[in-house]
Every structure is written in C-alpha cells, then in structure tokens.
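Quick notes on the structure that follows.
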Amino acid sequence: MQLNVLTLPGDGIGVEVTREAVRVLEAVCRKFQHTVKLTEGLLGGIAIHKTGQAMPPQTAELALDADATLMGAVGLPEFDEAPPERRPEKGLLGIRKILGVYANLRPVRAYKALIDSSPLKNHLVEGTDLIIVRELNGGIYYGTPRGISGEGEEERGTNTMTYTRAEIARVCRMAFNLARQRRKKLTSVDKSNVLETSQLWRRVAVEVAAGFPDVTLEHILVDNCAMQLVLNPKRFDVLVMENMFGDILSDEGAVLAGSIGMLPSASIGERKPNGAWVGLYEPVHGSAPDIAGQNKANPLGAIGSVAAMLEYSFGLTAEAAVVNHAIESVLNAGKVTADLKPAGAPLTTAQVGEAVCAAL
Ligand code: NAD
C-alpha cells in the first residue's frame, strides 16, 4: 500500500515528538512492505512567523491532498497575549474545520507498567480502558454571536453554544459504532438539567440508539461524569460529548494514563470513496514550552497517534496492533521519559523513539 501522509510538526515539543512518530511510521511500513510518502507543512506559531498566517492556504491544500495528516502541537509563548484570531491555536481550529473532522477519539488506557505514575490509587485505575469521543466541529468554540463588546462595567464577553440535530446524530453514530466493536456500552454526557443544547443532544442520542439495539446507552451529567472518571473509571467504555465538555474531560483522562504525554488522539470526518476515514492524528498534549528543545518530551502519545492513523485511515489493523504492542513492551521495559518517573535514568525523546522501532 502507498500511504500519502502530511506531517505538521508545529511548535515546541510538537517538532520533537513528530520526528519520533515519523520514524516509527517508516519502520512499521518497512516491516509490512508499504511505501510511505511524507510531505511536511506549516501550522501554528512557526507558520505565523514564516507566512503571517497560522494556517496558510498551502497547508490547507496539502491536507486535502493527503490520505491522512499527522500533527504535533501548536502554541508559542510569544503569542500568549495575542487575540484569538492571531494565535497559533487558530491553525488548529482551521485544519480541523478544513478537513471536516467532527469526532475526536481519545483512547485512555491504564497500562500496567504505569499504574504507579497515576496520582490515583492503583485499584481505582487498574483495568481502565475507555474512549472519549468529543464532538469537534461545533458547539461554543465555533458558535456565533461571539466577541467582546461595550465598555467599562458594561463590557461584555459573549460565546454561543449551538448544535444542530445533524451534528449531534453523526457523532453519536460514530460513538455507537465504536461501542459496538468494544464492550457495547455508550455513555452520553450532557448538562440537560440546564442547557437546551444538551436537551436536544439527549433526545437525538436516544433516537440514534434505536439503530444500535446491541449497545446499552446511559446518560450522565457532565459534572457527575467529571467525578466518576476519577472515582470509578472502569465503569466507562465509550463516552460521547459536545466539544467543550470533551476538551475538559479528556484532560482528566490524562491523569488515568499516568502522563498527558501518553495520550494519542484521532480526529475523524466522513468516509472517502475508498472506504478510509478522513483523519487528523495528534497527541493530546500541547507544545509544552517548559520542556521544548530539551529532548525530554514523551513521544508515546504521538506514536500512539500513528497506530490510530494506520487503523482508521488505512484500515491496517495488524500494523496498528504491532505499534501498540511495541509501545507496551517499551513501557514494560521501563524505557521511558522523565514524565513517567522511571526507576532508572530517564530516556530522551529520541531514545524512546528508537526503543519503539527496535520493539516493532
Ligand atoms: P501542554 O500540554 O503543552 O503542557 C502541560 C504540561 O504537561 C507541561 O508541564 C508539559 O511539560 C507537560 N507535557 C505535555 N506534553 C508532554 C510530553 N509529551 N512529555 C512530557 N511532558 C509533557 O499544555 P499547556 O502548557 O497548557 O499549553 C502550552 C501551549 O500548547 C499553549 O500555547 C497551548 O495553547 C498549546 N496547546 C496546544 C494543543 C494542541 O496543539 N493540540 C493542545 C493543548 C495546548
């Protein structure tokens, strides 16, 4: 198979972890005799510096041409005070929008080797294996009217949370399909006791459930969900929720996995004519300016994102399993970066990448 992949390393540790993810992608392709054609594009702070735009039009073209896009992270401290439309994160929202990826899948697994890295008690975390499906293309991050208007005491910030029935139904369908391939339990997260968008969300989730009689649907309020994720994470299989709830709760998942550096993500859109899903793959973490350029970042979230890409965009499930298995064996061998607090000396980002390639 020929895999045409666009890489967007972005800023900070995004560059370092993407380098290792690409190295693993090339190694797994060699092993299974696929050819991989890599193109690199600009996104985020580096794109603003070089072109004046967080997502230059050329990046959009490259992403639409590629079979799949592998992203690092965006964000540079010098843009911290810039208005939203002139920040690197604008590139992130832009690429998601241009690809039409509407579901962000964030698997959270408590690896045995990392059980002591989680701040939660071992017996609570052990056996956790869940996927958070976050709606990515709508909700309060995109809704209008928005902005800051007025002056003095009357100065007002406005954002709008809005969802259509179609937007809710397509992400729920994707979550039901995932649950069907797993333990057949879907938890829909909302705030229907207060928000109209959530009342519609709950109604549509129930309607979609009629097409998936083999999957059990439960509803949970977002505040209770935040609590249950740390009290009893094992009770969850697949969770589906709107954009901002997913943004917040999936970081809580990082606590379960031991480090935010461990978490991969896949953002999926419609199916292409060849049956593959349009996909944007990236670790959950940001550009981590505090450790950028030090060869310290954990690349396993980015490498896990390669596994997700192989599975969802290319249908290469055996290859994906081999990558996930290599990640697990590297963890078991204690060959990890400092964030995972190894017993011995921590490895560098590049050494962890090498170890995963060797384990393939
Ligand atoms: P962050 O995820 O970059 O870092 C949070 C903490 O986790 C830091 O202490 C960092 O050192 C640590 N960390 C993150 N990834 C790690 C890894 N792979 N290995 C080891 N440690 C890791 O979040 P932040 O500090 O809130 O944000 C920094 C910048 O990143 C901001 O500009 C923010 O807007 C941006 N950001 C981008 C994305 C993205 O591109 N998808 C996501 C979140 C934040």
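In each ligand, atom 1 is the first atom listed, and ligand 1 is the first ligand listed. Just so you know, these numbers come straight off a predicted model, no measurement behind them. Index from 1, following the sequence.
Where the criterion is an N or O separation shorter than 3.5 Å, residue side chain and backbone included, Val74 meets it with respect to ligand 1. Between Ala288 and ligand 1, an N or O atom pair is found at a separation short of 3.5 Å.
Tyr142 carries Lys97 over the face of its six-membered ring, with the cationic atom under 6.0 Å from the centre and within 45° of the normal.
For the pairing with Asp129, the salt bridge (Lys or Arg N to Asp or Glu O under 4.0 Å) check across Lys112, Arg182, Arg109 returns one residue only, Arg182.
Atoms of ligand 1 found under 4.0 Å from any heavy atom of Glu89 (numbered from 1 in listed order, with element): 31 (C), 32 (O), 33 (C), 34 (O), 35 (C). Near Ile13, meaning under 4.0 Å from any of its heavy atoms, are these atoms of ligand 1: 15 (N), 16 (C), 17 (C), 18 (N). Near Gly261, meaning under 4.0 Å from one of its heavy atoms, ligand 1 places the atoms 17 (C), 18 (N). Of all atoms in ligand 1, listed by their number and element, those nearer than 4.0 Å to a heavy atom of Ala73 are 40 (O). Numbered from 1 in the order shown, with element, the atoms of ligand 1 that lie under 4.0 Å from a heavy atom of Gly286 read 1 (P), 2 (O), 3 (O), 30 (O), 36 (N), 37 (C), 38 (C), 42 (C), 43 (C), 44 (C). Short contacts between ligand 1 and Pro289, defined as distances under 4.0 Å to a heavy atom of the residue, involve ligand atoms 28 (C). Heavy-atom contacts of Glu282 reach the following atoms of ligand 1: 41 (N) (cutoff under 4.0 Å). Heavy-atom proximity to Gly75, at under 4.0 Å, picks out these atoms of ligand 1: 32 (O).
When non-hydrogen atoms are compared, ligand 1 lies under 4.0 Å from the side chain of Leu92 (C-beta onward) but not from its backbone. Counting heavy atoms under 4.0 Å from ligand 1, residue Lys296 does not touch it at all. When heavy-atom distances to ligand 1 are checked against a 4.0 Å cut-off, Pro283 has no atom that comes that close, whether in backbone or side chain. The proximity of Asp290 to ligand 1, defined as any non-hydrogen pair under 4.0 Å, is limited to the side chain. For Asp339, every heavy-atom contact with ligand 1 shorter than 4.0 Å involves the side chain, none the backbone.
Among all protein heavy atoms, the one lying closest to atom 21 (N) of ligand 1 is Ile291 CD1, 3.6 Å.
Rounded to the nearest 0.5 Å, atoms CG (Asp190) and CG (Leu221) are 6.0 Å apart. The CG atom of Leu178 lies 11.5 Å from the CG atom of Leu239; values are rounded to the nearest 0.5 Å.
Between Arg96 and Glu282 a salt bridge is recorded (basic side-chain N to carboxylate O distance below 4.0 Å). Salt-bridge check for Asp237 with Lys184: failed, with every basic side-chain N at 4.0 Å or more from each acidic carboxylate O. We find that Asp223 and Lys191 are joined by a salt bridge, their nearest charged nitrogen and carboxylate oxygen being less than 4.0 Å apart.
Between Arg134 and Met244 the shortest side-chain heavy-atom distance does not fall below 4.5 Å. Between Leu8 and Ile95 there is a side-chain heavy-atom pair separated by less than 4.5 Å. Under the 4.5 Å side-chain criterion, counting only non-hydrogen atoms from C-beta, Ile303 is in contact with Leu300.
The option with the heavy atom closest to atom 18 (N) of ligand 1, from among Leu340, Leu263, Val284, Asn298, is Asn298. Which of Asp247, Leu300, Ile260 comes nearest to atom 12 (C) of ligand 1 through a heavy atom is settled by distance: it is Ile260.
Distance check on atom 28 (C) of ligand 1: some protein heavy atom falls below the 4.0 Å cut-off. Inside a 4.0 Å radius of atom 24 (P) of ligand 1 there is not any protein heavy atom. In this structure, atom 5 (C) of ligand 1 is not in close contact with the protein, since no protein heavy atom lies within 4.0 Å of it. Protein non-hydrogen atoms do reach within 4.0 Å of atom 34 (O) of ligand 1.
Residues Tyr102 and Ser267 bring no donor and acceptor atom of their side chains to less than 3.5 Å of each other. Glu135 and Asn137 share no donor-acceptor pair across their side chains, judged by distance under 3.5 Å alone.
Assignment of Ala297 to the shell around ligand 1 is supported, since a heavy atom sits closer than 4.0 Å.
No path of Ile, Leu, Val, Met, Phe, Trp and Tyr side chains, each step under 4.5 Å between heavy atoms, connects Met71 with Tyr312, placing them in separate hydrophobic clusters.
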